[in-house]
> 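Before I ask anything, let me first share the structure, which is written out below as structure tokens.
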Amino acid sequence: MKIHQPAKAISTSLSPNTQRDDILLALKLISEPHKWKAGKAIQRLEKEFKDYLGVKFAISFNSGRAALMAILEALGTRAGDEILLQAFTCNSAVIPILEKRALPVFVEVEETLNLDPEDLKRKITSHSRIVMVQHSFGWPAKIDKILKTAKKYNLFLIEDCAHSLGAKYKQRYCGTFGEAAFFSFGRDKIISSVFGGMALTNDEKLAKKIKEFQEKLSFPSNIWIFQQLLHPILTNYLVLPAYGKNKELGRIILGAFHKLAILSKAVSIQEKRGSPSHYFPKKLPNTLALLALNQLGKLEQFNNHRKEIASFYQKELKRSSFILPLTKKNKNIEPIFMRYPILTDLDTDKVLQKARKKKIYLNDGWRKSPIVPPDTDLEKMKYIMGSCPRAEKVAKSIINLPTHINISQADAQKITYFLLKRLKP
Ligand SMILES: Cc1ncc(COP(=O)(O)O)c(C=O)c1O
């Protein structure tokens, strides 16, 4: 089938990894509802995933947060346990902790926007049980130091690899250092099936418990699955082209799709208010495993592209007033740049507004609040304002530049031209 892809807006979000073959696959799968729930693609994805990362066990779920729920259960998390994780994280990494009635303890970020090993030591108490380390935007955290502290205080280590599929630390993939790790195939992650996730471990006993957790779950409903299959098609054929014409038109179309529940939202209103959503945890449906497998086959191409675009941004912006937190060369790490973050003293609301006028949409939700999206209820997340000032400052001053496969060199140039030439007072 020949399909013509319309001109789209430059955007960080809204199914950014989708290519023509992903759309054709989603269209085909819509017409094959017998393949939607159970099927062989689920085990195939689990096998390809564990083979790629070189671990013993990979167990799939319908999201990264569902995979984290399974890991917390398997580790025997109890009410009152303290789980240390960095501030400047997503509320979907916090909800599973709250759901267990455990206590999230937020740790400061260091200069690469990852968990600060020194602040970690300060935050440990006799109730600490788990440290969760996020490799923010695909830049590996200071894993040696964190592991050393985890061992010293007898803490389990979970790696939050929602941003870091393919990134390496000392030539080992992120996700292979702790007791367990989880990955996300969310709509704007490294690879995407709109929703999806994977739990990983080398520990046989833990794997058995995670598997038992998975087996007790049901599949999501047909309506939910249908909604996810529509996502890459409608965002790429209607929403992004509409944004490319006029931001109001894009906003109206996207708003209508959300209101009519034709498209799903990445996080629900309940989750922003601290309660789990009934969509999670569930099994990963076969049809989303097929979308994820198609994307996994393009992982190296995607990540090479991300690195090229990131190095272009770095070259163009290094002599500007923007701070580039992910630039320091370090032979131990191989980042994959899910985004290219820059920090600025300018009012980022105004910068994004000016960019929108040029049809450049840079708001990916990772901004303004130490727990994103910005309208998350921090009190419900047990975050005390002022407790991680560096993370709060990062949240206020960050703009994430897109690096995904649909950003061409010309798009990246348009973005840097805007940042360097159009923001002068
Ligand atoms: C850092 C981080 N952790 C965890 C998650 C949860 O992943 P998912 O959306 O697949 O549940 C996300 C994504 O939203 C994330 O960005």
Side-chain angles (χ1 to χ4, degrees), residues 12-17 45 49 59-72 83 85-99 104 106-107 109 112-115 130-141 158-165 167 174-175 178 180-200 217 220 224 228 231 264-268 270-272 276-285 288-289 291-292 295 336 338-339 341 364-367 369-374 376 381 391 394-395 398 400:
T12 317
S13 303
L14 290 166
S15 266
N17 303 337
L45 177 67
F49 208 80
I59 302 133
S60 62
F61 293 90
N62 74 332
S63 58
R65 68 202 91 164
L68 175 58
M69 286 173 188
I71 293 170
L72 292 178
I83 301 185
L85 74 165
Q86 75 165 75
F88 205 45
T89 189
C90 177
N91 69 26
S92 50
V94 184
I95 297 284
I97 300 174
L98 298 175
E99 207 237 341
F106 294 96
V107 179
V109 292
T112 67
L113 319 183
N114 284 316
L115 186 139
I130 296 174
V131 55
M132 198 156 96
V133 57
Q134 171 183 309
H135 305 289
S136 309
F137 307 118
W139 187 278
I158 301 176
E159 288 179 81
D160 176 346
C161 298
H163 298 183
S164 55
L165 176 56
C174 290
F182 67 93
F183 290 78
S184 166
F185 315 138
R187 58 202 66 197
D188 55 4
K189 298 298 191 300
I190 303 297
I191 60 167
S192 17
S193 54
V194 192
F195 275 116
M198 194 72 79
L200 236 77
L217 299 175
W224 188 88
Q228 311 324 322
H231 200 279
S264 62
K265 286 189 171 176
V267 285
S268 64
Q270 299 104 283
E271 291 176 298
K272 288 176 189 172
S277 149
H278 64 272
Y279 296 122
F280 314 107
K282 299 269 186 215
K283 283 182 177 154
L284 180 71
L288 296 195
L291 291 185
Q295 289 254 306
I336 45 93
M338 185 179 84
R339 311 263 198 276
D364 66 344
W366 274 83
R367 57 189 298 264
S369 168
I371 302 173
V372 301
T376 297
M381 297 286 140
V394 164
I398 194 164
N400 279 320

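Computed over heavy atoms, backbone and side chain alike; hydrogens, waters and symmetry mates excluded. Just follow the structure's listing: the first ligand is 1, and inside any ligand the first atom is 1.
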> Check each of Val194, Asp160, Val372 against atom 2 (C) of ligand 1 and report the one with the nearest heavy atom.
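Comparing heavy atoms across Val194, Asp160, Val372, the nearest one to atom 2 (C) of ligand 1 lies in Asp160.
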> Should the proximity of Phe280 to ligand 1, defined as any heavy atom under 4.0 Å, be assigned to the side chain, the backbone, both, or neither?
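Near ligand 1, Phe280 shows nothing, with every heavy atom at 4.0 Å or more.
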> Say whether Gly196 and ligand 1 are in contact under the criterion: heavy-atom distance to a ligand atom below 4.0 Å.
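Checking ligand 1 against Gly196, which is what was asked, there is a heavy-atom contact under 4.0 Å.
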> On the six-membered ring of Phe137, is Arg339 placed so that its NZ or CZ lies under 6.0 angstrom from the centre and within 45° of the ring axis?
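No.
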> Kindly say whether the aromatic ring centers of Phe195 and Phe61 come within a distance under 6.0 Å.
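Not close enough - the centres of the two rings lie 6.0 Å or further apart.
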> Have a look at Lys189, Gln86, Glu271 and point out the one with the heavy atom closest to atom 14 (O) of ligand 1.
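Going through Lys189, Gln86, Glu271 one by one, Lys189 has the nearest heavy atom to atom 14 (O) of ligand 1.
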> For residues His135 and His163, determine if any side-chain heavy atom of one lies less than 4.5 Å from a side-chain heavy atom of the other.
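The answer is no; the side chains never approach within 4.5 Å.
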> With atoms numbered from 1 as shown, which atoms in ligand 1 lie under 4.0 angstrom from a non-hydrogen atom of Gly64?
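The atoms of ligand 1 under 4.0 Å from a heavy atom of Gly64 are 7 (O), 8 (P), 10 (O), 11 (O).
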> Does any N or O in the side chain of Glu159 come within less than 3.5 Å of the main-chain N or O of Ala181, such that one atom is a donor and the other an acceptor?
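Absent.
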> Might you work through the ring pair (Phe, Tyr, Trp, His ring centres under 6.0 Å) test for Phe88 and Phe106, ending with a clear yes or no?
CA-CA 9 Å; Phe88 205 45; Phe106 294 96; over 10 Å; no
> For Ala162, counting its heavy atoms only, list the atoms of ligand 1 lying under 4.0 Å from any of them.
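Checking each atom against Ala162, I get 2 (C), 3 (N), 4 (C), 5 (C), 12 (C), 15 (C).
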> One residue to check: Trp366. Relative to ligand 1, which of side chain, backbone, both or neither has a non-hydrogen atom less than 4.0 Å away?
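Side chain only.
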> Give the numbers and elements of all ligand 1 atoms closer than 4.0 Å to a heavy atom of Ala93.
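Heavy-atom distances to Ala93 below 4.0 Å select 3 (N), 4 (C).
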> What residue and heavy atom of the protein are closest to atom 11 (O) of ligand 1, and at what distance?
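For atom 11 (O) of ligand 1, the nearest protein heavy atom is Arg65 NE, 2.6 Å.
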> What is the distance from atom OG of Ser136 to atom CE of Met338, rounded to the nearest 0.5 Å?
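Separation between the atoms: 9.0 Å.
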> At under 4.0 Å between heavy atoms, which part of Gln134 makes contact with ligand 1: side chain, backbone, both or neither?
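It is the side chain that touches ligand 1; the backbone stays farther off.
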> Indicate whether the side chain of Ser277 and that of Gln270 have a donor and an acceptor atom separated by less than 3.5 Å.
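No, no side-chain donor-acceptor contact under 3.5 Å.
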> Pick whichever of His163, Arg187, Met132 has a heavy atom sitting closest to atom 16 (O) of ligand 1.
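Among His163, Arg187, Met132, the closest heavy atom to atom 16 (O) of ligand 1 comes from His163.
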> Is Asn17 reaching over with its side chain to a backbone N or O of Lys189, donor-acceptor style, under 3.5 angstrom?
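Yes, because the side chain of Asn17 sits within donor-acceptor range (under 3.5 Å) of the backbone of Lys189.
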> Number the atoms of ligand 1 from 1 as they appear, then name those within less than 4.0 Å of a heavy atom of Ser92, with their elements.
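This gives 5 (C), 6 (C), 12 (C), 13 (C), 14 (O) as the contact atoms.
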> Under a 3.5 Å distance rule, please check whether Asn62 uses its side chain to pair with a backbone N or O of Lys282 as donor and acceptor.
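Yes; judged by distance alone, with no hydrogens or angles, the pair exists.
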> List every atom of ligand 1 that sits less than 4.0 Å from any heavy atom of Phe182, numbering the atoms from 1 in the order shown and giving each element.
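Counting atoms of ligand 1 from 1, those under 4.0 Å from Phe182 are 4 (C).
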